[in-house]
Undergrad: 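Below you'll find the structure I mean.
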Amino acid sequence: MTAAINTDKEYQNRLKHFISLKSKYQATKYNDSSPSSLLYLILRKVDLGIELTTLEFDWLREQELFKTVEIVCLQQQYKLEELRNLENEFSLLKSQYQVPKLSGAFKNISIILYPILWKFHSGNPLTDSEIEWLKNNGLGGTVALIHKVELERHFFALKAKYRATKYQGLSINSPLYKILNKLESKQRISTPELEWLIKQELFETAEIFRQQESEKEAQFAELKDKYQAIKHSDSLLSSPLYPILQNIDAKNNLSESEINWLEQQGLSETIAIAQELEQTREFAALKAKYKATEYQDSTPKSHLYKILKRLELSNQLGEQDINFLKKRKLIEIIEIANEKYASTLKFKIDFGELLNESEIDWLQNNRREDIIILAQQKHFAILKRKYGLIDPSLPLEPFYAIMVKLEKKERLDPKLVLQLIEEELLSRGGKIALAYYRLEAEFYEEEFHRTGHQWHIPTASSYWRKADEPEQALKLTNLDLSQIKQRNLKSAILVTRGAAFRDMHNLADAEICANKSMEYHPNSHQPYTLMGAICYDRGDYPKGDYWFEQAIQRGAEIEDIDAERKRVIRSTKDENKRHEAAEYLLKKDSQRYSWAKSYLKKSSDNSK
């Protein structure tokens, strides 16, 4: 008895799960709700992220579950597309950097190898640990090539900088590379090296060296006078005094060895000047700027000095620094720093840039939701204007995320598409719908040319129509149907082709397509729906009702047929025909077609 109860309970749970999946993947038109149905197995696979086979897709189409197929394809194609892109990029990088074919246990290194190669290919140098990793994984040839490329990049930059581009070679073994490295580091080049430059007719490079030497000599004399080191008689550029004075003039702290050397030379005045500069000048200016003049400690060892230095380089204070300032009641510094950082973020927003997660976290922690809202609203407003969404009550999400993706010409993931469907934004049309449909049309047309899978033809054609580009749909469906074996596929292609003719007001060719489609698949409701719409376009409403009834008998939803009637009237440009159609439907069923009253009113208003 207990086993029977458990079995019945399990059946009920499966039945509820099946009904839920049918609703989620828009397969409610499928009448069989038994958990033993093939549809239940297919939908469970989809929900678990398992790819469907071609046979399973074909079965869904045979059941005319086209909306289900569309949702599943969106989910699966997005994953496949991203995976193929990554594989292609990685394959090109491996070839370029001479990575041998990986097999066995070495296949697992790809997850680390890809970002390393990408980083270097983007012009960024690799770290010692990254180079070591390449060596440890048997990629010595790749390391050698990377090292060679790095040196060649450096050599090329030096040649441009020091006017030696007429020298054609890029070999790092060239004497020129060694000479240019010396010029770059302000080292003296030897007499033979200078003669070599002249022999190679690199006169501009040689002149740069002479100018460097002359400038150094003049600078040395000036620095000795400025920092009271004239008593030191050595005026050669090789003197240790020259780099020491350069450090002082550059406001760098002197090392202990430099101070000791100055003491040995009896240059106490120079030491005093350097210490005075280090202890007072910069720190005093920073304290005045950040309103901390009452703080007594003026030595560079002060933690406040370090804080203010960091604040100059970065607008954001660390938690440790904030605690230090609070204990010493230096609240104004915190306020200035926070306002400075907030202004930086506002400036970034004004330039149309997006805030990153750490910046948003800081704004939230500092109760600056106003800036977060400003950033979102400003960008959202720009995108709404672009996509013609002028409704002031339109919520930020999910439409902001959707429009950002469309801006980048990225296909929408299935979740966002479902949200568009739920909000009826795809059925209403508009720029956001056109942009989405155009992306989908391009994708499925490319997939057809890439894979040869013919069911992509009606899918892409349907998207071209929704994108308001029926000409592209006609171009795609201009096929020799005798080369296609599946009769239901022929029917589907003809339906979408006929609909495209109808979009272009070519009702004669649209009717031909509808009739041929019926011949190939008489049990499909779609060609009958198309024929009904054609008759409504012509103003033959009773005949259109006949074809719509035929479509309903073959599985079309009554709501879908009524929606088609409504679309026909809405898209009719002739006011008289619109009025005539509205009157016909209201006489037919005034309650069912009550929406048609609004079209009578519009016609009446226009006639005044």
Side-chain angles (χ1 to χ4, degrees), residues 16-33 37-84 397-399 401-402 405-406 410-429 432-448 451 453-467 488-489 492 495-496 524-526 555-557 559-560 563:
K16 290 179 181 178
H17 186 223
F18 188 17
I19 293 172
S20 173
L21 289 176
K22 286 172 69 177
S23 175
K24 180 177 180 180
Y25 293 102
Q26 300 193 22
T28 52
K29 66 186 295 182
Y30 188 77
N31 293 324
D32 186 1
S33 294
S37 166
L38 176 59
L39 179 60
Y40 184 41
L41 172 63
I42 291 174
L43 295 184
R44 285 170 65 194
K45 287 179 67 176
V46 172
D47 215 41
L48 292 171
I50 302 172
E51 292 189 12
L52 299 186
T53 64
T54 302
L55 291 175
E56 289 168 328
F57 272 116
D58 290 342
W59 186 86
L60 289 173
R61 294 186 180 97
E62 288 172 2
Q63 309 307 312
E64 299 185 7
L65 297 173
F66 298 110
K67 290 184 179 179
T68 305
V69 171
E70 182 179 346
I71 293 171
V72 173
C73 286
L74 282 168
Q75 292 175 339
Q76 297 190 356
Q77 289 299 327
Y78 178 76
K79 293 179 182 179
L80 291 173
E81 181 183 1
E82 288 303 305
L83 182 59
R84 283 195 297 269
E397 295 299 340
F399 304 107
I402 288 171
K405 276 187 168 290
L406 292 178
E410 295 177 0
R411 294 183 70 221
L412 302 183
D413 58 57
K415 182 178 179 181
L416 292 178
V417 176
L418 291 176
Q419 288 174 314
L420 280 177
I421 294 172
E422 290 172 2
E423 293 294 331
E424 298 183 353
L425 267 182
L426 293 184
S427 59
R428 294 179 197 168
I432 194 168
L434 293 178
Y436 163 71
Y437 288 134
R438 189 175 296 110
L439 283 174
E440 293 303 294
E442 291 171 348
F443 171 77
Y444 281 105
E445 185 167 342
E446 289 173 1
E447 282 297 285
F448 163 65
T451 66
H453 190 55
Q454 293 174 322
W455 273 105
H456 288 320
I457 298 171
T459 302
S461 175
S462 176
Y463 277 125
W464 278 124
R465 289 188 54 241
K466 292 176 182 178
N488 59 341
L489 175 56
V495 166
T496 187
S524 172
H525 65 82
Q526 291 182 328
E557 299 290 342
E559 293 81 3
D560 292 341

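Scope of the values below: all heavy atoms of this structure, side chains included, with no hydrogens, waters or symmetry mates.
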Undergrad: Just jot down the salt bridge (charged side-chain N to carboxylate O under 4.0 Å, His left out) partners of Arg438, sequence neighbours excluded, or say none.
TA: Glu469
Undergrad: Would you sort out whether Lys29 and Leu65 count as a side chain to side chain contact (heavy atoms under 4.5 Å, CB included), showing the intermediate values?
TA: CA-CA 8 Å; Lys29 66 186 295 182; Leu65 297 173; 3.5 Å; yes
Undergrad: Using the salt bridge (charged side-chain N to carboxylate O under 4.0 Å, His left out) criterion, which residues pair with Lys466? Sequence neighbours excluded.
TA: none
Undergrad: Can you list the residues that meet the salt bridge (charged side-chain N to carboxylate O under 4.0 Å, His left out) rule with Glu557, with sequence neighbours excluded?
TA: none
Undergrad: Check ring pair (Phe, Tyr, Trp, His ring centres under 6.0 Å) between His525 and all other residues, then give those that pass, not counting sequence neighbours.
TA: none
Undergrad: Would you call the rings of Tyr463 and Tyr437 parallel, tilted or perpendicular, taking 30° and 60° as the class edges?
TA: tilted
Undergrad: Between the main-chain N or O of Gln26 and the side-chain N or O of Thr68, is there a donor-acceptor pair closer than 3.5 Å?
TA: yes
Undergrad: Show the numbers, then the answer: is there a side chain to side chain contact (heavy atoms under 4.5 Å, CB included) between Glu440 and Leu74?
TA: CA-CA 9 Å; Glu440 293 303 294; Leu74 282 168; 3.3 Å; yes
Undergrad: Among pairs that include at least one residue of residues 41-54, which meet salt bridge (charged side-chain N to carboxylate O under 4.0 Å, His left out), considering only residues two or more places apart or in two chains?
TA: Lys24-Asp47, Lys45-Glu56
Undergrad: Who are the side chain to side chain donor-acceptor pair (under 3.5 Å) partners of Tyr444, not counting sequence neighbours?
TA: none
Undergrad: Can you list everything that forms a ring pair (Phe, Tyr, Trp, His ring centres under 6.0 Å) with Tyr25? Sequence neighbours excluded, please.
TA: none
Undergrad: With a 4.5 Å heavy-atom cut-off, do Ile71 and Val46 have their side chains touching?
TA: no
Undergrad: Identify, with sequence neighbours excluded, every residue that meets side chain to side chain donor-acceptor pair (under 3.5 Å) alongside Thr496.
TA: Ser461
Undergrad: By side chain to side chain donor-acceptor pair (under 3.5 Å), which residues pair with Gln526, not counting sequence neighbours?
TA: none
Undergrad: Tell me, please, which residues at least two apart from Asp32 pass salt bridge (charged side-chain N to carboxylate O under 4.0 Å, His left out).
TA: none
Undergrad: Would His456 and Thr451 count as a side chain to side chain contact (heavy atoms under 4.5 Å, CB included) here? Give the steps.
TA: CA-CA 9 Å; His456 288 320; Thr451 66; 3.8 Å; yes
Undergrad: Of the options Asp58, Leu43, Leu60, which is the one that meets Leu52 in a side chain to side chain contact (heavy atoms under 4.5 Å, CB included)?
TA: Leu60
Undergrad: Run the side chain to side chain donor-acceptor pair (under 3.5 Å) test against Glu447 and tell me which residues pass, sequence neighbours left out.
TA: Arg450
Undergrad: Is any side-chain heavy atom of His453 closer than 4.5 Å to a side-chain heavy atom of Thr54?
TA: yes
Undergrad: Any ring-ring contact (aromatic ring centres under 6.0 Å, His included) pairs touching residues 44-69, not counting sequence neighbours?
TA: Tyr30-Trp59
